[in-house]
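On a predicted model such as this, the values are computed, not experimentally measured, just so you know. The sequence lines fix the lettering, A, B, ..., with proteins before strands; numbering per chain opens at 1.
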Number of protein chains: 4
Amino acid sequence: MQPLSIRDKILHSRLFLGTGKFGSARLMEDAVLASGTELVTVALKRVDLETQTDNLLAHLQHPHINLLPNTSGVRTANEAVFAAQLAREALETNWLKLEIHPDPRYLLPDPVETLKATEELAKLGFVVLPYIHADPVLCKRLEDAGTAAVMPLGAPIGTNKGLKTYDFLQIIIEQSKVPVIIDAGIGAPSDAAKAMEMGADAVLVNTAIAVAGNPVQMAAAFKLAVDAGRMAYEARLATAANHATASSPLTAFLHEEL
Amino acid sequence: MQPLSIRDKILHSRLFLGTGKFGSARLMEDAVLASGTELVTVALKRVDLETQTDNLLAHLQHPHINLLPNTSGVRTANEAVFAAQLAREALETNWLKLEIHPDPRYLLPDPVETLKATEELAKLGFVVLPYIHADPVLCKRLEDAGTAAVMPLGAPIGTNKGLKTYDFLQIIIEQSKVPVIIDAGIGAPSDAAKAMEMGADAVLVNTAIAVAGNPVQMAAAFKLAVDAGRMAYEARLATAANHATASSPLTAFLHEEL
Amino acid sequence: MQPLSIRDKILHSRLFLGTGKFGSARLMEDAVLASGTELVTVALKRVDLETQTDNLLAHLQHPHINLLPNTSGVRTANEAVFAAQLAREALETNWLKLEIHPDPRYLLPDPVETLKATEELAKLGFVVLPYIHADPVLCKRLEDAGTAAVMPLGAPIGTNKGLKTYDFLQIIIEQSKVPVIIDAGIGAPSDAAKAMEMGADAVLVNTAIAVAGNPVQMAAAFKLAVDAGRMAYEARLATAANHATASSPLTAFLHEEL
Amino acid sequence: MQPLSIRDKILHSRLFLGTGKFGSARLMEDAVLASGTELVTVALKRVDLETQTDNLLAHLQHPHINLLPNTSGVRTANEAVFAAQLAREALETNWLKLEIHPDPRYLLPDPVETLKATEELAKLGFVVLPYIHADPVLCKRLEDAGTAAVMPLGAPIGTNKGLKTYDFLQIIIEQSKVPVIIDAGIGAPSDAAKAMEMGADAVLVNTAIAVAGNPVQMAAAFKLAVDAGRMAYEARLATAANHATASSPLTAFLHEEL
């Protein structure tokens, strides 16, 4: 399988993990390791940044793991830029998952503020990966604004509903010049495999692993599914047909003779 | 992962392969090996049985591979019983994939002839695995008739349309006392993963592998997907929700202070 | 719109109604009248047949309403034939909706007993309309057995899930020489319209009307939807495309000049 | 059925029509009349505005028909404002369907320019109905900007794919304080009925009618379907269940006695 390049990083795993909602930081760590991921998103509270005793971060100290701080909770471009700078200082990375969602119920992203923040953050030297609606036009505008990738959602975050935006993801993948990472709604390994089969460059999963009966085994299952989907994409899937073409049957002779 | 038991056999792979439509017998063999399967279906022509020079069978001589002859092409229970006896003699196995499809266009199975043939074949000592429509009542009747498993279709064979019968497969899986193997329509690894996630015991794949751009790599992808789906099933998937439950955000503090 | 012929009857409404689950017989009557239906199914209890005081039947005494007794509750072909004869005597009609469902939970039909009963009832002079799974091969066998129509299900009865069997209904409609009536699962007027658009000859609705907030208005809504779907079928729908063909825009000139 | 209010207008039909792609202006007129619509969108070419001999407009001179000029073809907010002013002058209406789609292939709308143009046009006294992606956050921002309604798409325009954005339309309808009009992708009367059943305030249809085999009859079918969907919404649909609740069967007595 081809590795994934985002800017200067080469990633061998196309599965990104979120770190919220796990029963414990230890369980999160075990799931992260079982998933084979090389990129995990972290939403930090201020107190963690100050006290340097962040339990979460201690569990993510592995050489192959890159941290991707996110701005979860901000509601405007200005708040996002401020949060991004705090995160860069605290975590010593200019990578940023940009999330601007003013709506506390569905946590859906704001397209206008996200574009504005991406423009500003790109100028400030950030490697920006914005979480967005599966909006093909917005994706092209983010490209123009200097985004490093786009992260369209499959379904509202946390719902495990899968690739509800399938038809629009297809257009985004067809048109994009930057990596396309499906970011929300993926509820099962089959969803992740499907995203990869259609040509997505990576998927980000959190809830479906964190709240599974056995999160560590579920993380391992997602690892296999992402690999399966990518391999299938590279091996070129057959297209759907409306009926079969018969292959040679055992008993053709029966009809000849009986 | 738990192995699968069908009658006296223990199978460690839950992926079954069909052997039709491959570009060559050698390519078929490589795909079979890449898939990790332990059970492959074969539709033999009479001439092969007589001359003992069957190219196909020579490529399936591996200790871990079990042959499952199928009756593809028969149109009635009587024809099926006759074909089954020929196959048992030629291949020295009493396992049989029962396929009775009078319709040459969609190759859909006949429920009435299939039940009748299953009753007769079970009495004759066959281990019968019938290919059927995703009909929950028929599945129960086949159980009563002594079937070893049921093989409901996901979509018309050869169409690669996936799990179009999802709602009925759920009922079948919920009610069945014999293994449930999804048999037709699986067009991509994500379909196979989804079948396993919902609790199917195994899947049978042919067209999607045989006509892929790279059948061997596609076989390997299906192997991973079936494992992923089974692992996810055993790890218990989270259910779908209508909206997210927020996890602690980075910037909750922004709203407190700004 | 073309009227529908089933044997010797010409029906101007392609909406059939079931009479179960209504809050009262009066409400049922009002819904039946609002729907414009000319064919309603009735499941009678023995006591009703004997006492001649059947409340239900009294509410169905309208010149344009044909009764279609059903065998709901029988579990075998023999029981069905017995019930059919009782119904013919009591209701003075040889029309029969054949329902054989041994499973009390999902009320799914038995294909084998249904075929057997259809053969016997056709010989006994009944006009048989069997409720079946959306099984294209079974439909052809019922045709051979002398069925007057086929009534494949869209989803398990009472679930309101819509046309879950869509791909198989398409095959049935394409192949059938007798009218195809979609019989279960239709949960909303849009489902009924879709069934008609795809070429079904009629739909049978019960639960979706009977348990609606306002059953009479819902019946009227189904009437419109069935007409809409049939008109659209006759007017020939455009097919789906993957992208638009632009029509002449207002502002083409803007790009020429600005 | 309740009429629909948008600003100062009361509309008795909840079906809006586009006027592109018809075989002739006369055919368009007949379809418009058959649909019962009171609001039609028109994309005018400059020459039409100047010469006053617009064939299209002549066919829309009916007292109950309101014109809704659209800005189809513009690519930026500035172009949209300019086009809007031309349209207001030429057609003597301050109603405007705002369409900003920089992409000539899929004609998908630009969220950022659309919000900007809505803000400006609202200040200029326009009654703005913007065509947008099914983006719930954008809908709320448009509300804040003074939009008169929102027109989220069901699928890419001209594709006839139906309500591919269903999950997001649900959220939009739940949250919106202005009318929600589903604007693109509706390919069949059943799609229109479904949109209305889920609580949309109106639908806009063009391609599905204009390119039907018989556009006038298809327009009449859509009229019925929109009414059916709205009536069903007001009559409150039953929800989907996973299995039936049995109603009293004819043959319960069989099991008691046989």
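No donor-acceptor pair under 3.5 Å is formed between the side chain of A/Asp30 and the backbone N or O of A/Leu27.
Chain A forms more heavy-atom pairs under 4.5 Å with one residue of B/Ala195, B/Pro189, B/Gly162, B/Ala212 than with any other, namely B/Pro189. With chain A as partner, the option from B/Glu197, B/Lys194, B/Met196, B/Glu234 having the largest number of non-hydrogen pairs under 4.5 angstrom is B/Glu197. Looking only at heavy-atom pairs under 4.5 Å with chain A, the residue among B/Ala210, B/Ala193, B/Gly213 that has the most is B/Gly213. Your options are A/Ile209, A/Thr207, A/Asn214, and the one with the most heavy-atom pairs under 4.5 Å with chain B is A/Asn214. Ranked by heavy-atom pairs shorter than 4.5 Å toward chain B, the options A/Gly229, A/Ala221, A/Pro215, A/Ala238 are led by A/Ala221.
Within a 6.0 Å sphere centred on OH of B/Tyr233, other residues, nucleotides and ligands contribute 12 heavy atoms or fewer.
No side-chain N or O of B/Lys97 forms a donor-acceptor pair with one of B/Thr71 less than 3.5 Å apart.
A side-chain contact (heavy atoms from CB on, under 4.5 Å) with B/Val203 is found for exactly one of B/Ile186, B/Asp183, B/Leu17, namely B/Ile186.
For the atom pair NE2 of B/His133 and CG of B/Leu108, the computed distance is 7.5 Å after rounding to the nearest 0.5 Å.
Within the 4.5 angstrom heavy-atom criterion, no atom of B/Ala192 approaches chain A.
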